[in-house]
Amino acid sequence: MTRKLLIRDLTLRDGQQSSFATRMNQKQVDRVLPYYKDANFYAMEVWGGAVPDSVMRYLNENPWDRLEKIKAAVGDVSKLTALSRGRNLFGYSPYTDEIIEGFCKNAIQSGLGIMRIFDALNDVNNVKSTITHVKQYGGIADCAVCYTIDPKYPKLSFIDKLKGKKISAPVFTDEYFLNKAKEMEALGADMITIKDMSGLINPSRVGKLVRLFKQNLKVPVDFHTHCTPGYGLGAVLSAIVNGVDIVDTNIWYFAGGPAAPAIELVYLFCKKLGVELDINMEAVAKINKELYGIRKELEAFDAIKQFPAEFNPLTDRLPDNIDKEFDKAIEAAKADNEEALLQACHAIEAYFNFPKPNELVKKAEVPGGMYTNMVAQLKQLNSMDILEEAMRLIPTVRLAAGLPPLVTPTSQIVGAQAVNCALDEKNGKPMYTNKSNQFVALVKGEYGKTPVPVDPAFRFKIAGVREETPYDTSKYKMQDNPVLPEFGGVKLAENEKEVLLLELFPAVAKTFLMKQKEARYKATTGGNQAQQEADEQDNAPITGKTVDAPMPGSIFKILVKPGDTVQKGQNVLVLEAMKMENNITSDYTGTVKRILVKEGKTVTAGTKLIEIEI
């Protein structure tokens, strides 16, 4: 009996997120959907991750519309899948069961078939609720074990050894990952994914894990990886050879580099292996033709700016020397000869002009997205000179915080904190002088149990408590949902789906929904002159002291109002920067005279935020 391999296509979510900053708009998505209906992928990942945030933030589009339009076009040919961060859903905060249930219900009713559920700490307790509600409403629960590796610790000095210090024992062993998978299967997982968002899993390791999972689990096993450090194609081939049930791929022009391997290369390997794909590659070629034009349109956001050579595996013949590289790769994968496997795969990728392995990411052993976020943060702060120090501090910060896996959101939390610590050092301040609210919550225990316990003394220093303090859902406070008299007296969020957007993405959804209500109101009434006048900036000269933005970001929440008395060191505003929330304090004791910005406004470093009379 011919073995069959299922394919989950990532092009419309992870593909565009990895390579094009999630800027693919609905019109561009619509152009490829007729061909997807013919392609016959087992599943299409189209939602979750950064999509709901980005389509509101950058494209002024409704995330629910994105999901519903794809479902209407593709129907039941492929299962639509989304990525969810367990109790954190798509955000950076833990949510109540009521919100998780509402989100799962609405997502499945809007067309979702599979929810891929992961937790950034691999804390299985954090995926329980989502598994329950996905299955309750008829969806498939795909539970992901987040792959990560132990950091490379600095060598111990002679003095350290005399003091009895030791290098930490390995945490992320094969048994660690298998035990997590077994726990999730016991909770009702319908499939298990080995999720390697960093591309750091080498072919030998994934081969071993796939064999281990297939021997010990009763549910199908999926493999997800990226090509950034150069392991991706070889790792996928190793997973196939070792019996994986499903692999995640992208279509040619959205594949390789920071994204997953190309379906076209997997197709060629499977032909040689005698593995059936059951994919309509003619339809895939039609999608790819459209993707070429779309990628040109997304040039400003292209992370690589290197197109692979034009290729159609149905019509183009491989040169003999490259065809032999495919054979060599298969032979090496079967023999578990990793060096030969990677050598052959790199030759194949070089022939087709896919990006070379990113040696910096490979050496640093951090996700490419984490690295690029750190670079972006330092560029905004004009502090690129401390990048090397920030990278050096990652293992130290990570271990202090309980050794969380480097996956969204913990990769961003740890990366941003490493930057903060490097800035502290540069400015002659103690490390952890500046810390994001998310880092405090992570150390406190609000995100769940970390792989290793946090030192109580460090927790007290960062969070003010010694004991691990889990998130208390009974204290959850829903976001404000005001009536908007200036736009006809409607509520900011008028239905359950809009309320969910407001809960999951408070700052972004508030701005998006406000624009929606304003546009609708103006379309029906011709606008409101009084409101326009009220919105004009107060240009009166500033006579008091000001609270200024220490870094670029957007105004998440204003905590004071004109007339309030504030104390020096009091939190007066929350600034969202690099998706981290940062409390901004007053340097003065006095009375708030004016608020100079609005919630949702984007500001640069040095922007005057609040005027205070002293």
Side-chain angles (χ1 to χ4, degrees), residues 8 10-11 13-22 45 49-50 83 118 120 144 146-149 151-152 172 193-206 223-239 247-263 265-266 295 298 301-308 329 338 341-350 352-376 387 390-391 394 398 405-412 414-415 418:
R8 184 189 315 237
L10 307 175
T11 305
R13 203 288 297 175
D14 193 64
Q16 62 139 333
Q17 181 175 322
S18 297
S19 299
F20 312 108
T22 328
E45 188 182 75
L83 185 67
F118 76 96
C146 295
Y147 180 78
T148 191
I149 57 179
K152 289 181 177 175
F172 302 110
T193 293
I194 301 169
K195 176 178 163 56
D196 172 34
M197 66 155 282
S198 310
L200 293 176
I201 194 166
N202 53 302
S204 294
R205 186 78 188 273
V206 75
F223 176 51
H224 171 97
T225 192
H226 293 245
C227 296
T228 321
Y231 295 135
L233 184 60
V236 165
L237 178 56
S238 180
V247 293
D248 294 5
T249 64
N250 284 308
I251 294 174
W252 196 255
Y253 286 120
F254 275 42
I263 175 63
L265 298 181
V266 171
R295 181 167 179 176
L298 297 172
F301 309 104
D302 194 331
I304 300 299
K305 293 181 169 55
Q306 177 181 331
F307 279 63
E338 182 170 285
L341 171 57
L342 290 176
Q343 189 174 18
C345 286
H346 291 164
I348 291 166
E349 290 172 314
F352 288 114
N353 198 42
F354 282 105
K356 293 179 181 178
N358 186 319
E359 294 297 334
L360 181 61
V361 169
K362 184 178 179 180
K363 183 180 178 182
E365 296 186 328
V366 300
M370 177 181 177
Y371 172 74
T372 54
N373 276 350
M374 292 174 70
V375 170
L387 175 60
M391 294 288 284
I394 288 173
R398 186 184 175 200
L406 295 180
V407 59
T408 305
T410 50
S411 55
Q412 275 69 21
V414 169

Start with the C-alpha distance between L406 and V414, add both sets of side-chain angles, then the distance that settles side-chain contact (heavy atoms from CB on, under 4.5 Å), and finish with yes or no.
CA-CA 8 Å; L406 295 180; V414 169; 4.3 Å; yes
Note: G49 and R13 closest approach over all heavy atoms is CA-NH1, 3.8 Å
In this structure, SG of C227 is separated from CG of N358 (nearest 0.5 Å) by 12.0 Å
task = Begin from the C-alpha positions of L10 and H224 and carry the test side-chain contact (heavy atoms from CB on, under 4.5 Å) through to its verdict.
result = CA-CA 10 Å; L10 307 175; H224 171 97; 3.6 Å; yes
Taken to the nearest 0.5 Å, the spacing of I201 CD1 from H226 NE2 works out to 12.5 Å
Shortest non-hydrogen pair, G15 vs N250, comes out as CA-OD1, 3.4 Å
d(I263 CD1, I251 CD1) to nearest 0.5 Å is 8.0 Å
Heavy-atom closest pair (P405 atom, R398 atom, distance to 0.1 Å) is CA-NH2, 3.9 Å
* May I ask you to test the P258-S19 pair for a side-chain heavy-atom distance under 4.5 Å? => yes
Check your understanding: Taking C-beta and beyond as the side chain, do F352 and L265 meet within less than 4.5 Å on heavy atoms?
Key -> yes
| message | Quick check against the 3.5 Å criterion: does S238 have a side-chain atom that pairs as donor or acceptor with the backbone of P203? | response | yes
Sorted by chain and number, sequence neighbours left out, side-chain contact (heavy atoms from CB on, under 4.5 Å) with I149 holds for Y147, L200, E365
Hits for side-chain contact (heavy atoms from CB on, under 4.5 Å) against A144, two or more places apart or cross-chain, chain-then-number order -> R116, F118, T193, K195
In short, F223 meets I194 closest at the heavy-atom pair CD1-O, 3.6 Å
Distance col, row R8:CZ vs D14:CG, nearest 0.5 angstrom, shows 10.5 Å
Sorted by chain and residue number, the ring pair (Phe, Tyr, Trp, His ring centres under 6.0 Å) partners of F20 (sequence neighbours excluded) come out as F254
Minimal heavy-atom distance between I394 and A418, with the atoms involved, is CG1-CB, 4.0 Å
Point to revise | Side chain to side chain, K362 and Y231, heavy atoms closer than 4.5 Å | key: yes
Output for pair (T228 OG1, E359 CD), nearest 0.5 Å, gives 12.0 Å
CD (E45) and CD (Q17) are apart, to the nearest 0.5 Å, by 8.5 Å
For P308 and R295 the tightest heavy-atom approach is CD-NH1, 3.7 Å
When V247, V236, L233 are each screened for side chain to side chain contact (heavy atoms under 4.5 Å, CB included) with T225, the one that passes is V236
Please confirm whether the backbone N or O of F307 pairs with a side-chain atom of N353, one donor and one acceptor, at under 3.5 Å? yes
